[in-house]
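Values below: every heavy atom of this structure, side chains too, minus hydrogens, waters and symmetry copies.
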Amino acid sequence: MIVKVVAYGIARDILKSADCSIDLKEATTIAGLKEVLLQQYPDFSKLASLRFAVGEEYQTDSYTLVAGQEVVIIPPVSGG
Amino acid sequence: MIVKVVAYGIARDILKSADCSIDLKEATTIAGLKEVLLQQYPDFSKLASLRFAVGEEYQTDSYTLVAGQEVVIIPPVSGG
Amino acid sequence: MEGIDIQLYDRKIIEREVEAFVYDPSCGGIVSFVGKVRDATQNKQVLRLEFESYEPMAIKEMRKIAQQVLERWSVKKIAIHHRIGVLQIEDTAVVISVSAPHRKDAFVACQYAIDTLKETVPIWKKEIFEDGEVWVAAHP
Amino acid sequence: MEGIDIQLYDRKIIEREVEAFVYDPSCGGIVSFVGKVRDATQNKQVLRLEFESYEPMAIKEMRKIAQQVLERWSVKKIAIHHRIGVLQIEDTAVVISVSAPHRKDAFVACQYAIDTLKETVPIWKKEIFEDGEVWVAAHP
């Protein structure tokens with residue numbers, strides 16, 4: 001299945017793009033997506049934290065993705 | 001000996017004057033002045049607190065007054 | 001002492017003037033407390049308030065608070081402006097601003113400053129009602 | 001929800017506009033936090049900063065913080081304005097104002113709001129130096 005990955009901040013620099021499509025096995029979780037990303041873009045492992053959002057909400061590792069979903073990579077925030 | 005008593009806020013209302021002279025025994029302390037004031041103006045006993053300042057500083061009960069000194073009555077403060 | 005701005009006056013307090021004093025390029029955070037005149041005490045409509053002070057000592061006591069703040073916490077600057085005279089509902093009675101490299105210090109120091117001001121600074125507030133007047137906090 | 005003003009924009013933050021929202025005649029105290037852009041990181045001169053956000057989620061997360069504040073403390077109103085885009089040294093990046101009948105609630109709530117904002121709200125800050133640029137807090 002294809003999910004769309006959107007990236008902000010340093011995640012966009014690592015991805016070298018503001019978004020991309022990733023082909024995953026059915027029922028892949030956020031944890032599974034993270035593994036794929038770390039394999040393809042090892043620089044993600046250097047970040048202080050790596051969170052993911054779906055539907056404008058943070059999701060935990062066990063969240064199961066479905067085809068066509070948009071997942072936003074949230075690197076360490078630094079607002080304020 | 002004579003000391004000058006200055007009053008602000010509700011202390012001025014109780015004294016019915018912004019200041020007055022009080023005749024005290026030599027070496028009277030703040031505690032002694034307080035007693036005299038409470039006797040002459042019983043309404044002081046109704047206040048939540050009663051402090052005294054000499055030389056723009058709070059002074060404790062044991063502070064000994066000298067002739068001609070100016071003592072400021074500090075009723076409960078309510079700034080801020 | 002450098003880093004301290006204490007003022008007591010009978011005119012409108014302009015909050016940005018208080019804060020402008022404490023701003024420092026080394027400080028990421030400024031915490032400010034603004035004390036306003038509330039509209040009612042025990043459900044009685046307040047018409048106006050009159051603030052008076054024992055001015056030289058009030059300034060001295062506010063300065064003491066500011067010095068304590070600079071000694072106790074990693075604070076760069078502190079400003080305390082207090083108004084006296086006749087105030088209306090919604091008027092600002094006091095503004096305290098504190099700047100610090102780390103915001104936690106600014107929060108703790110600003111709260112200490114207003115808490116202590118309300119205990120030690122010789123300023124008195126009288127509430128004027130339709131049918132009388134009351135010196136605030138005078139009685140238990 | 002009534003009592004909440006959340007804004008994210010690419011223009012100067014006018015602090016008195018943030019505070020004006022939270023003022024309420026029932027509140028004696030307003031506590032505000034102003035977050036400024038500092039002049040240097042590890043002794044390197046910062047030329048400018050660029051803030052970006054995942055806007056809809058940033059607003060949602062700021063709104064959550066505001067709702068938590070109104071639920072947990074006796075707070076009347078809260079306003080959070082965050083700026084994005086290009087900022088210069090001394091510019092204000094964020095202002096949080098909280099009004100409450102009792103000042104202690106306002107202090108605790110304002111500190112909670114800025115602490116939580118810095119942990120959860122998807123906003124990113126890039127520091128631009130003469131010789132490069134750094135996403136703040138990205139690396140341990």
Side-chain angles (χ1 to χ4, degrees), chain B residues 3-22 29-31 33-66 68-80, chain C residues 6-9 13 33-38 41 46 49-65 80-85 87 91-96 110-127 132-140:
Chain B
V3 298
K4 186 183 171 191
V5 170
V6 176
Y8 286 92
I10 196 168
R12 192 182 54 235
D13 292 354
I14 293 172
L15 217 60
K16 291 187 176 64
S17 172
D19 55 66
C20 70
S21 290
I22 296 204
T29 59
I30 292 280
L33 169 63
K34 202 172 176 174
E35 249 175 68
V36 171
L37 283 171
L38 286 169
Q39 216 159 27
Q40 292 185 21
Y41 307 93
D43 280 353
F44 278 123
S45 67
K46 296 179 188 161
L47 299 183
S49 71
L50 192 58
R51 288 182 286 182
F52 295 86
V54 176
E56 299 170 7
E57 297 283 350
Y58 286 109
Q59 303 298 346
T60 58
D61 276 1
S62 59
Y63 181 91
T64 304
L65 297 164
V66 299
Q69 255 180 335
E70 184 176 290
V71 184
V72 180
I73 307 177
I74 312 279
V77 301
S78 49
Chain C
I6 302 298
Q7 292 189 45
L8 187 65
Y9 47 70
I13 301 179
F33 174 79
V34 175
K36 294 265 188 188
V37 171
R38 287 165 72 172
T41 300
V46 177
L49 286 101
E50 292 173 12
F51 282 77
E52 68 173 61
S53 76
Y54 172 24
E55 194 169 326
M57 183 169 164
I59 289 172
K60 224 169 174 175
E61 290 292 325
M62 287 194 282
R63 188 167 293 277
K64 273 187 203 168
I65 293 170
I80 307 177
H81 287 207
H82 203 299
R83 187 170 168 185
I84 46 175
L87 274 76
D91 276 348
T92 296
V94 64
V95 177
I96 300 179
C110 187
Q111 192 166 2
Y112 172 82
I114 180 62
D115 287 352
T116 309
L117 183 150
K118 282 174 174 275
E119 283 171 10
T120 66
V121 178
I123 296 176
W124 298 274
K125 177 164 58 186
K126 186 161 71 171
E127 290 175 337
E133 47 186 57
V134 166
W135 286 103
V136 176
H139 298 108

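- Residues of residues 42-52 of chain B that come within less than 4.5 angstrom of chain C, heavy atom to heavy atom, are K46(B), L47(B), A48(B), R51(B) in numerical order.
- Judged as a side-chain hydrogen bond (donor to acceptor under 3.5 Å, both in side chains), the pairs with a partner in residues 113-124 of chain C (not counting sequence neighbours) are, in order, D115(C)-R103(D).
- Of the atoms belonging to K36(C), not a single heavy atom falls under 4.5 Å from chain B.
- The closest donor-acceptor contact from the side chain of S78(B) to the backbone of K125(C) lies under 3.5 Å.
- Residues E57(B) and E61(C) are in side-chain contact: their nearest non-hydrogen atoms beyond the backbone lie under 4.5 Å apart.
- Across all non-hydrogen atoms, the minimal contact from P76(B) to A137(C) is CB-O, 3.3 Å.
- Chosen from A93(C), G35(C), A138(C), the residue pairing most often with chain B at heavy-atom distances under 4.5 Å is A138(C).
- With a 4.5 angstrom heavy-atom cutoff, V121(C) touches chain B only via backbone atoms.
- Listed in order of number, the residues of residues 6-14 of chain B that approach chain C to under 4.5 Å between heavy atoms are Y8(B), G9(B), I10(B), R12(B), D13(B).
- Summarising the local packing, CD of E35(B) is surrounded by 12 or fewer heavy atoms from other residues, nucleotides or ligands at distances under 6.0 Å.
- Contact annotation for S53(C): only backbone heavy atoms (N, CA, C, O) come within less than 4.5 Å of a heavy atom of chain B.
- The salt bridge (Lys or Arg N to Asp or Glu O under 4.0 Å) analysis of residues 70-80 of chain B, with sequence neighbours excluded, yields the pairs K4(B)-E70(B).
- Closest approach of G79(B) and L117(C) over heavy atoms only: C-CD2, 4.0 Å.
- Residue contact with chain B, scored on non-hydrogen atoms closer than 4.5 Å, involves the backbone and the side chain of H139(C) alike.
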